[in-house]
Every structure is written in C-alpha cells, then in structure tokens.
There are 2 protein chains.
Amino acid sequence: MPETTTVPPEPHGDERASDRIIRHIEQQILSGTLPDRSPLPAERDLMEQFGSSRAVVREAISALGHRGLVEQRPRFRPVVRKPGVEAAFAAVGNIVEHLLGDENGVRNLYESRLFFEKALVRQAALHACKQDIDDLRTALAHNEAAIDDSEAFYQSDMAFHGVLYRIPRNPIFPAVHSAYTSWLAPHWSRMPRSPERNAMNFRSHAEILERIIERDADGAEIALRRHLDTAWEYVRVTFPSSSTPGRDTRS
Amino acid sequence: MPETTTVPPEPHGDERASDRIIRHIEQQILSGTLPDRSPLPAERDLMEQFGSSRAVVREAISALGHRGLVEQRPRFRPVVRKPGVEAAFAAVGNIVEHLLGDENGVRNLYESRLFFEKALVRQAALHACKQDIDDLRTALAHNEAAIDDSEAFYQSDMAFHGVLYRIPRNPIFPAVHSAYTSWLAPHWSRMPRSPERNAMNFRSHAEILERIIERDADGAEIALRRHLDTAWEYVRVTFPSSSTPGRDTRS
DNA sequence: ATCTAAATATGGTCCGACCAAAATGGTCAG
DNA sequence: CTGACCATTTTGGTCGGACCATATTTAGAT
C-alpha cells in the first residue's frame with residue numbers, strides 16, 4: 001500500500017490567505033513601520049485591518065514567530081524582533097536537537113566545530129590585531145582566576161573561545177559560536193568537571209594564545225586541535241556509544 | 001511607555017495546548033511510528049485523538065511544518081519528513097533572506113563562505129584521498145566541458161566546490177554548501193556570465209586542484225582565496241553599494 | 001479493465017463565544 | 001506625589017460548529 005510509485009503531481013502554486021498578512025507584516029517590520037521591540041497590533045485589530053478571520057491572523061503571527069521575526073510568549077502580546085543572525089540559528093535549534101539524538105550527530109557537530117575553530121585560530125594567528133590579543137589575554141586571565149570554580153570556569157572557557165569567533169569581525173561568527181555552545185551544552189554539562197581539568201584547559205588555552213602571539217598558525221591550530229580532541233575524548237569515555245571514527249576531519 | 005522597570009516576571013512555564021500534540025507527533029516521527037514520507041492523520045482524527053479543537057491541531061501541524069518535520073503543501077495532507085541537516089538549513093532560509101537585505105549581509109555571508117572554504121581546501125590538501133582527488137578531477141573536467149554553456153558551467157562550478165565540502169566526510173558540510181549556494185544564488189545569478197569568465201574560473205579551479213594534489217595547503221588556500229575574491233569583486237562592481245562607502249551607483 | 005462522474009474526506013477559512021491571564025486605570029494609604 | 005491594591009477592560013488561547021473548494025475515493029458507464 002505505500003508503494004504509489006507515481007510522480008507527485010505538484011500542480012499548485014497558490015498561497016494561503018495568511019501569506020498575504022505575513023508578507024505585509026514582514027515588510028512593516030523590515031521597513032521600520034513596526035519598530036523593533038514594539039508589540040504587534042492586537043489580533044482583533046489585525047483581523048479587521050486585513051479583513052480576515054482571527055484564525056488566519058493567528059496563523060500568520062505564528063508563522064512570523066517561527067521565522068524569528070516576532071517573539072511570542074504564551075499569553076503575551078507578540079513582540080517585534082528584527083531578524084539577526086542569532087535568530088536564524090535559534091530557529092534551527094529544534095531540528096538540531098533531533099539530529100543530536102544519536103551520538104553520531106553530536107560527533108559530527110563537534111567535529112564541525114573543531115574544523116571551524118581550527119580555521120579561527122589560524123586566522124587569529126595570522127591577522128589578530130593588538131586589541132584581539134589583549135582580549136584573549138583578558139579572557140585567559142579570567143580563565144585562570146576561575147580554575148577553582150567549575151561553573152565560572154565553564155563560562156570563561158566559552159568566553160575565551162568566543163573571542164576567537166569575534167576576531168574575524170564577521171557578525172555571523174559569534175552567532176555560530178553561541179549556536180555551538182547552546183547545542184553542545186547539554187552534552188558538555190553532563191561531563192564531570194574538576195579544578196584539575198580546568199587547569200588543564202587553562203593551559204591549553206594559554207598555549208593556543210602563545211602560538212597566536214608568535215604568529216604560528218600551524219602551531220596554534222595543532223594546539224587547538226589537541227585541546228578540543230582531549231575534550232572530546234572526555235565526552236567519549238563519559239558516554240558509552242561513540243568510538244568508531246570512520247573518518248574524520250582532524251588534521 | 002516601555003519602561004516597566006521591573007524584571008520581566010517570566011512567571012509562566014505553562015505550555016500551549018498544541019505543545020502536547022507537537023511533542024507527541026514529534027516523538028512518533030522520530031520513533032518511526034509515523035514513517036518518513038507517510039501522510040499525517042487527518043486533522044479531524046487528530047483532534048479526536050487528542051481531545052483538542054481543530055485550531056490547536058492545526059497550530060501543532062503548522063509548527064511541525066515550520067520546524068521541518070512535516071512538509072505541507074497548500075491543500076494536501078501534510079507529509080512526514082524525518083529531519084536532516086538540510087531541513088535545518090532550510091528552516092533558516094527565510095530569516096537569512098532578510099539578513100541578505102543589505103549588501104553588508106551578503107558580504108558577511110560570502111566572507112564566511114570564503115573562510116569556510118579556505119579551511120576546506122586546506123583540509124583537502126592535507127587529507128584528500130585518491131578518491132577525493134579523482135572526484136575533483138572529474139568535476140574539473142565537467143567544468144571545462146561546460147565553459148561555453150554558462151548555465152551548465154554554473155552547475156558544474158557548484159559541483160566542484162561541492163566535492164570540497166564532501167571531503168571531510170561530515171554530513172553537515174554538504175548541507176552548509178547547499179545552504180550557501182541557495183542563499184547566495186539570487187545575488188550570484190544576477191551577475192553577467194561569459195565563456196571568458198567561465199574559463200577564468202575553470203583555471204582557478206584547476207590551480208586549486210593542482211595545489212591540493214601537491215599537498216600544498218597554503219598554496220591551495222591562496223588559490224581559493226584569489227578565486228573567491230575575484231568572484232566577489234565581480235559582484236561588487238555589478239552591484240552599486242558594496243563595502244567601501246562613497247561608491248556611486250552610476251556604472 | 002479503463003475511464004469518467006458522483007460522493008466523500010479533508011484542508012482552508014470564517015464566525016461567534018468563553019475563559020483566564022495580562023494590561024489598564026483608578027482608588028486609597030503612606 | 002508615590003506606590004501598593006483592586007475593578008475593569010483587553011487580549012490571547014481554546015472551543016465548537018459551519019461552509020467552501022479541492023483531493024481522494026467510490027461507483028457507475030463504456
């Protein structure tokens with residue numbers, strides 16, 4: 001019964017009634033007619049304005065919500081939120097969560113992060129300006145100061161990596177970082193922490209920074225790789241099913 | 001008016017009625033109870049099954065649609081679609097479209113792509129196996145064969161880069177590639193094409209491949225960088241307002 | 001058996017209503 | 001005047017029923 005091999009006809013290109021409203025509000029948001037952070041008009045007003053039923057209006061608002069153009073809390077007025085890179089990544093959150101279901105998904109994601117950050121430290125080593133170096137130094141200092149407080153260290157750890165993502169001065173990158181951390185956090189947090197591990201990570205960071213300062217791209221990349229590989233190894237032993245590195249992006 | 005100085009109460013952790021349905025169906029999809037490609041139960045059946053009104057059921061389905069778990073065409077039965085990495089990127093499509101509104105957004109995205117592909121060619125140079133090289137060679141050949149047909153060349157161009165994304169053997173990467181191409185396509189396609197440009201791009205690809213074969217990571221990276229920089233320059237002169245403010249729209 | 005036409009199932013839209021929580025406005029103690 | 005407190009009005013969330021147009025299925029004709 002499930003073998004209807006025929007080609008799906010796919011004839012229709014018509015639109016739902018809500019699409020019109022979506023487009024309209026969308027445009028109002030982008031044009032600034034509906035300023036950022038401002039509440040959307042009441043549903044009943046919208047239904048009058050567009051001459052549609054409330055159901056349609058609600059669907060439109062819901063769609064805008066899913067697209068990240070408005071933020072809707074259970075019983076509150078939807079609030080306009082101009083789209084940012086962060087919003088984009090937030091929108092995929094749910095799906096990524098599913099992809100992370102199997103350990104393999106986590107591995108893939110983590111490896112993509114490794115891949116990305118390898119390129120970041122290389123970039124940093126080659127092009128970091130004085131300010132960037134200072135930022136890294138500061139982050140590293142906070143790092144060291146938090147060695148005895150695992151929670152604080154976790155924060156400062158992320159912050160250190162975060163600086164790396166900011167160096168290219170591309171707003172997309174920090175968004176990528178926060179996406180990585182938020183997606184990987186659940187798996188990371190189940191990992192045991194200890195001042196010893198913190199100290200170890202601190203030293204890893206220190207070495208990376210050293211290489212960057214020396215403008216040693218290769219060295220920095222290697223240090224970063226070792227840093228993240230070690231961390232992954234920790235995850236691997238913490239979680240049972242992982243291993244079998246069929247093929248990887250490590251260098 | 002917007003100065004309710006108190007902290008947003010955020011009291012409610014309550015959920016909409018649709019959330020229950022969403023979770024349930026979500027789980028059914030993941031567990032395989034609702035197989036991939038199979039139609040969702042009728043709305044009226046669902047409303048009976050969950051004891052909710054149709055509005056709620058519809059909202060749930062709509063949400064699943066926006067999350068990429070089901071594919072809904074205007075007047076057809078929603079179809080289950082197990083989430084893949086592609087689905088994730090597809091979900092952000094709308095938002096990214098907005099981000100690309102200003103030329104700056106395009107530039108940021110394009111630069112992130114340059115950043116990513118630099119790392120890719122480096123990876124390729126260091127770790128590409130024979131098969132990978134062969135794939136690149138094949139893609140390059142298709143490239144050359146399509147020099148006189150700009151449309152075909154465009155396809156083979158993407159294909160060549162696509163091979164690069166597949167080399168790390170991480171399913172996330174090809175998804176990133178298709179995301180880049182689909183997002184950048186509208187801007188790219190408005191650029192004039194010509195056999196001359198095609199030939200030029202072909203030569204760029206050839207050089208990149210050469211460097212990869214020579215295991216010259218730095219050389220490959222430089223070649224790739226030059227390749228994409230040139231392409232961007234083309235975009236820059238094609239569109240009036242790009243970086244370097246003060247440019248005049250007259251051409 | 002194949003194709004066509006009626007019947008039904010189903011999604012899209014609309015209406016009107018109710019409830020509970022949120023926003024609003026006004027009162028009153030300090 | 002300020003700020004806590006309460007009554008009222010808005011407003012989002014949910015419900016139920018209804019109608020339409022199109023998909024899908026069924027039955028009938030060829």
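In what follows, every heavy atom counts, from backbone to side chain, and hydrogens, waters and symmetry copies are set aside. Proteins get letters first, then strands, A, B, ... in listed order; numbering begins at 1 in each.
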For [X] and [N], what is the distance between atoms [atom1] and [atom2] respectively, to the nearest whole Å?
X: A:R73; N: D:dG12; atom1: CZ; atom2: P; result: 14 Å
X: A:R16; N: C:dG11; atom1: CZ; atom2: P; result: 12 Å
X: A:R75; N: C:dC19; atom1: CZ; atom2: C1'; result: 8 Å
X: B:F76; N: D:dT22; atom1: CZ; atom2: C1'; result: 8 Å
X: B:I61; N: C:dT13; atom1: CD1; atom2: P; result: 14 Å
X: B:E59; N: D:dT14; atom1: CD; atom2: C1'; result: 10 Å

Hey, what's the ring geometry for [X] with [Y], parallel, tilted or perpendicular (30° and 60° as the breaks)?
X: B:W188; Y: B:Y154; answer: parallel
X: A:H177; Y: A:Y165; answer: parallel
X: B:F173; Y: B:F116; answer: perpendicular

Inset, instruction - Please say which of A:E26, A:K82, A:R67 ends up in a side-chain hydrogen bond (donor to acceptor under 3.5 Å, both in side chains) with B:H98. - result: A:E26
Legend entry - Closest to side chain of A:R77, choosing from D:dG12, D:dT24, C:dA22: D:dG12
Legend entry - Side chain of A:R58 - closest among D:dA23, D:dT14, C:dA22: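 From the listed options, D:dT14 comes nearest.
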Legend entry - Ring-face cation contact, B:Y234 with B:R197, 6.0 Å cut, 45° max: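 Judged by the rule (NZ or CZ under 6.0 Å from the ring centre, within 45° of its axis), B:R197 counts as positioned above B:Y234.
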Legend entry - salt_bridge(B:E111, B:R107) N-O dist < 4.0 Å: yes
Inset, instruction - Enumerate the residues from residues 34-56 of chain A whose closest heavy atom to DNA chain D is under 4.0 Å, giving them by residue number; use none for an empty result. - result: A:A42, A:E43, A:R44, A:R54
